[in-house]
Amino acid sequence: METLIQESGYARSLIEASLDPLVTINIKGKITDMNEALANITGITRKQLNGTDFFVYFTEPQKAREVYREVFAKGSVSDFPLTLRHKKGKLTDVLFNGSVYKDEGGNVLGVVIVARDVTEQKLVEKELTEAKVFAELATAIAEEAKRKAESAASIAEDAVKSKQQFLSNMSHEIRTPMNAIIGFTKVMLKTDLTAKQKEYLTAIKMSGDALIALINDILDLAKVDAGKMTFVQIPFKMTVSLSAMLHLFETKIQEKNLALIKEYDPNIPEVLLGDAVRLHQIILNLVSNAVKFTTTGKITVSVRLLSEDEETVTLEFAVTDTGIGIPANKIDKIFENFQQATSGTSRLYGGTGLGLAIVKQLVESQNGSIRVKSKVNEGSAFSFILSFGKTKEQAQLEPEPAERDTEIKNIKVLVVEDIPLNQLLMKTMLDDFGFERDIAANGRIAIEKLQNKSYDIILMDLQMPEMNGVEATAIIRNNLNSRIPIIALTADVTTVDLEKCKAAGMNDYVAKPVDERLLYSKIIGLVKKPARVKTGKNKGSVPEIKKERCTNLHYLNYRTKSDPVLMMEMISLYLEQIPPLINVMKQSVNDKDWDLLYSAVHKIIPSFSIMGISTDFEIVAKKVLEFASMQQEPEEMQGFVLQLEMICVQACSELTEELNAIKNKNL
Ligand code: ADP
């Protein structure tokens with residue numbers, strides 16, 4: 001008995017220690033016993049609980065009753081969720097676990113129930129579910145935002161592209177007529193005029209210049225915005241480049257009675273690698289501002305070597321003036337688009353407030369930095385730091401300013417230009433220089449002319465119908481094997497693909513509207529250089545275009561084992577077959593008879609390798625075959641066909657000589 005009492009005391013203490021409510025109910029559903037946890041959760045004393053209906057303490061008594069019935073039916077239930085209510089309203093979520101208990105005879109006496117408090121757990125679960133829902137929502141929102149951003153980016157990209165295209169087209173469309181307006185104004189300004197006429201023409205020219213400058217600026221900014229501004233790495237001579245540019249300001253500086261001081265650090269290596277054109281643009285903007293905003297005193301342009309390592313030099317350029325200066329409260333603004341220091345600036349000095357914005361972009365896009373110091377009425381100092389590569393290569397595309405040399409006359413210039421107004425303008429300009437000139441309306445005509453007459457230099461427009469400037473240059477260099485100097489005339493200096501011109505073999509370029517002095521100095525610079533002009537007019541009888549041999553009879557010799565009869569037979573066959581095939585080729589292109597073109601070119605192809613003609617032409621011929629088989633006539637077609645014609649004509653002439661030589665040897 002003692003142990004029984006002890007045991008039941010021990011069980012009781014375990015029951016009481018449980019934090020989960022524990023209760024026994026008789027078959028009628030009345031509470032017969034409980035622990036303290038139930039009293040705590042319901043807020044009702046054990047005494048009051050005893051004998052009461054168990055189900056009333058749940059928020060859903062009916063459900064509790066059902067579970068209770070289920071226990072009797074099945075013997076037990078587990079983890080059934082229910083909610084207990086405290087008398088003051090607090091709810092406790094529980095998992096209901098119950099099983100019947102029986103007397104020794106196996107009769108069911110009631111149910112013992114443990115209701116596990118899962119409020120905390122439910123809360124965590126709820127939070128987790130909420131967090132999951134939020135996370136899903138956030139993902140959905142982020143995905144939606146991403147989709148929107150992507151579509152916005154693609155819209156923006158398209159917008160930038162069409163803005164670029166629009167600006168590029170517009171600038172070309174505007175520049176071409178402006179070129180003529182400015183050019184003819186210049187020409188007219190040189191004629192006898194009354195003072196009034198001169199004044200009007202000067203006004204026209206100034207407005208034209210301003211318009212061109214504005215278009216260039218806008219185009220440049222658009223390019224920087226679109227991330228399309230590219231910087232080349234070409235060897236150039238810094239001193240030459242700088243002097244050539246400052247040269248442009250000499251007249252203006254003299255007119256204003258200002259002094260120009262150049263300070264150049266002699267430790268700077270002679271040839272540097274970088275983008276000389278962009279550097280010009282930066283310095284040009286700064287010096288032109290300095291000249292514009294200074295009425296007395298001096299303008300100093302200095303270049304200092306800041307640091308140097310094995311591969312690069314870092315230079316500091318400064319343009320200092322003694323002009324009107326910039327108010328302190330405006331100094332941060334002047335690098336922004338369309339910003340001028342005072343509202344009267346545009347009226348008094350002109351300009352649009354774009355120059356410095358471009359300068360800043362040009363400097364910063366090359367990882368440089370720019371700053372300004374200024375005091376009103378004392379002057380301004382703009383300085384920027386840029387790095388350049390070191391190189392052992394020779395400088396290319398050097399501008400070589402040359403004064404007019406009265407000795408240099410009789411220079412024969414071939415102008416390749418399609419627009420009649422521009423042709424006339426170039427004629428007038430070249431007549432003025434005292435040069436001889438011929439005009440070709442496109443690349444194809446230029447090539448014909450070059451074969452019949454010798455010239456000293458070519459001025460080549462880039463965009464022309466039938467055959468453009470780059471294609472024509474490639475033919476002049478590769479097929480005619482001529483080193484004649486070629487200067488590109490480009491309407492769009494900021495988008496000019498200098499690399500493309502250079503790759504095709506052009507020597508230099510001049511932007512339209514053509515600056516007379518610059519053009520003159522470039523022509524003289526290139527014509528005077530004997531190295532660049534292999535054959536000169538002073539050699540009289542020597543034809544201008546010295547052709548290198550295009551045929552090589554190694555293969556034929558090998559095949560025929562140098563049998564002269566076989567050799568002659570093969571060569572004669574070539575000379576018989578190829579000329580009519582060339583005619584068919586040309587005619588079929590004119591008639592757009594692609595099948596005929598295909599068959600003619602197809603027959604020509606094997607002759608290239610037999611006669612040792614460069615495989616380059618076989619490639620060209622195969623391209624023509626491809627176009628012909630697709631019944632297409634792309635822009636390059638005319639150029640390709642012309643290349644094939646010319647190489648075959650040259651081959652025929654060489655092979656005729658060869659044939660005669662073999663004949664003579666074997667007579
Ligand atoms: P713009 O010269 O076409 O007005 P810029 O962007 O080149 O445009 O210059 C912006 C403004 O900065 C100018 O309008 C002028 O007020 C001021 N500024 C630039 N350079 C100088 C200078 N050397 N001296 C005085 N003010 C200057």
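One is the number of the first residue; the rest follow in order along the sequence. Whatever order the structure lists ligands and atoms in, that order sets their numbers, starting from 1.
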task: Could you pull out, from S380, A290, G379, the option with a heavy atom nearest to atom 24 (N) of ligand 1?
output: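 Closest candidate by heavy-atom distance is S380.
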[X] contact mode with ligand 1 (heavy-atom cut-off under 4.0 Å):
X: T294; result: neither
X: K330; result: neither
X: L356; result: both
X: F382; result: side chain

- prompt: Looking just at side-chain N and O atoms, do S374 and S380 make a donor-acceptor pair shorter than 3.5 Å?
  reply: yes
message: For the OG1 atom of T490 and the CG atom of L462, what is their distance to the nearest 0.5 Å?
response: 5.0 Å
query: Quick one: which ligand 1 atoms are inside 4.0 Å of a heavy atom on K292?
result: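 Contacts of ligand 1 toward K292, numbered from 1: 1 (P), 2 (O), 3 (O).
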task: Mark up the atoms of ligand 1 that fall under 4.0 Å of a heavy atom belonging to G355, in ascending order.
output: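 Ligand 1 atoms under the 4.0 Å threshold to G355: 5 (P), 6 (O), 7 (O), 8 (O).
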- prompt: Has N285 got any heavy atom lying under 4.0 angstrom from an atom of ligand 1?
  reply: no
message: Using the side chain to side chain donor-acceptor pair (under 3.5 Å) criterion, which residues pair with E471? Sequence neighbours excluded.
response: none
field: Salt bridge flag under 4.0 Å for residues E144 and R147
entry: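 Salt bridge between E144 and R147, a charged N being under 4.0 Å from a carboxylate O: yes.
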query: Would you call K522-D508 a salt bridge at under 4.0 Å N-O?
result: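 Answer for the salt bridge query: yes.
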- prompt: Do V415 and Q423 touch side chain to side chain, with heavy atoms closer than 4.5 Å?
  reply: no
